[in-house]
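This one's a predicted model, so the numbers in the text were calculated from it and none came from an experiment.
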Amino acid sequence: MSPRQELYDALFMASQDLGYTTFQYLPPGQTPYPFVVINDVQMYKVSLKTAVQAHLVVTMHVWGDAESWTMVNDMLEQLESAAQRGFETENYHFKARINDFDSQTVVDDSVPNTMLNHGLLTLSFVLT
């Protein structure tokens, strides 16, 4: 399995282990809030003299309704905390680059007559 897929699977499982409903894509409109969407894993190869390593960046989205701003932020914090430990998968070890983590919460009003809280969590890992 590719490093991107194994990291994606590890983050997906970590989100579910925290009790969050987690999807690969935005779910149907009637899905209850809050939920997590993980749909972006970028991998940048780093060539060294004797090996090839990789830097992986993952964007996780937490969606909540207008009343769930605090819950969205708590979920971002818990997901970030879980990722800080890094992940050991069947074939790879992913070390967290905590200094490159970033999170923010924005109000999303792109759906007519609806205010949503959208949390964005950007995580960075090195394949070791």
For the hydrophobic clusters of this structure (ILVMFWY residues joined by side-chain heavy atoms under 4.5 Å, transitively), does one cluster hold both M75 and M13? no
Do W63 and L79 share a hydrophobic cluster, counting only Ile, Leu, Val, Met, Phe, Trp and Tyr and linking them when any side-chain heavy atoms are less than 4.5 Å apart? no
Check the angle between the aromatic planes of F87 and F125 and answer parallel, tilted or perpendicular using the 30° and 60° thresholds. tilted
Would you call the rings of Y33 and F35 parallel, tilted or perpendicular if under 30° counts as parallel and over 60° as perpendicular? parallel
Give the minimum heavy-atom separation between L76 and Q104, together with the two atoms involved. CD1-O, 3.8 Å
Is there side-chain contact between L127 and Q53, with heavy atoms separated by less than 4.5 Å? no
Which residue pairs satisfy the side chain to side chain donor-acceptor pair (under 3.5 Å) criterion with at least one member in residues 115-125, sequence neighbours excluded? H55-S124, H61-H118
Between atom CG of D65 and atom CG of L116, what is the distance when rounded to the nearest 0.5 Å? 7.5 Å
For D108 and V111, the nearest pair of non-hydrogen atoms, with its separation, is OD1-N, 4.3 Å
Heavy-atom closest contact (A96 atom, F101 atom, distance): CB-CZ, 3.8 Å
Interatomic distance, E6 atom CD to E88 atom CD [nearest 0.5 angstrom]: 10.0 Å
Under the side chain to side chain donor-acceptor pair (under 3.5 Å) definition, can you give me all pairs with a residue in residues 18-29, not counting sequence neighbours? S15-T22, Y20-Q78
With distance as the sole test, does E80 use its side chain to make a donor-acceptor pair with the main-chain N or O of S103 at under 3.5 Å? no
Could you see if L7 belongs to whatever hydrophobic cluster contains M43? Use Ile, Leu, Val, Met, Phe, Trp, Tyr and a side-chain cutoff under 4.5 Å. yes
Report the distance from atom CG of D17 to atom CZ of F12, rounding to the nearest 0.5 Å. 11.0 Å
Value for CG (N39) from CG (L26), rounded to nearest 0.5 Å, stands at 7.5 Å
Is there a side-chain contact between T89 and M1 in this structure, where contact means two heavy atoms from C-beta onward sitting under 4.5 Å apart? no
Test of understanding: clusters of I, L, V, M, F, W, Y form through side-chain heavy atoms closer than 4.5 Å, transitively. Do L11 and V72 belong to the same one? yes
Among side-chain atoms of E77 and N73, is any donor-acceptor pair under 3.5 angstrom? no
Give the cluster check for F23 versus M60: same hydrophobic cluster or not, with ILVMFWY residues linked at side-chain heavy-atom distances below 4.5 Å. no
How many angstroms lie between OG1 in T59 and CG in L123, if you round to the nearest 0.5 Å? 8.0 Å
Rest of the hydrophobic cluster containing Y44 (Ile/Leu/Val/Met/Phe/Trp/Tyr, side-chain heavy atoms under 4.5 Å)? V57
Using the side chain to side chain contact (heavy atoms under 4.5 Å, CB included) rule, take L121 and V62 through it: C-alpha gap first, then chi angles, then the decisive distance, then the call. CA-CA 8 Å; L121 178 61; V62 178; over 6 Å; no
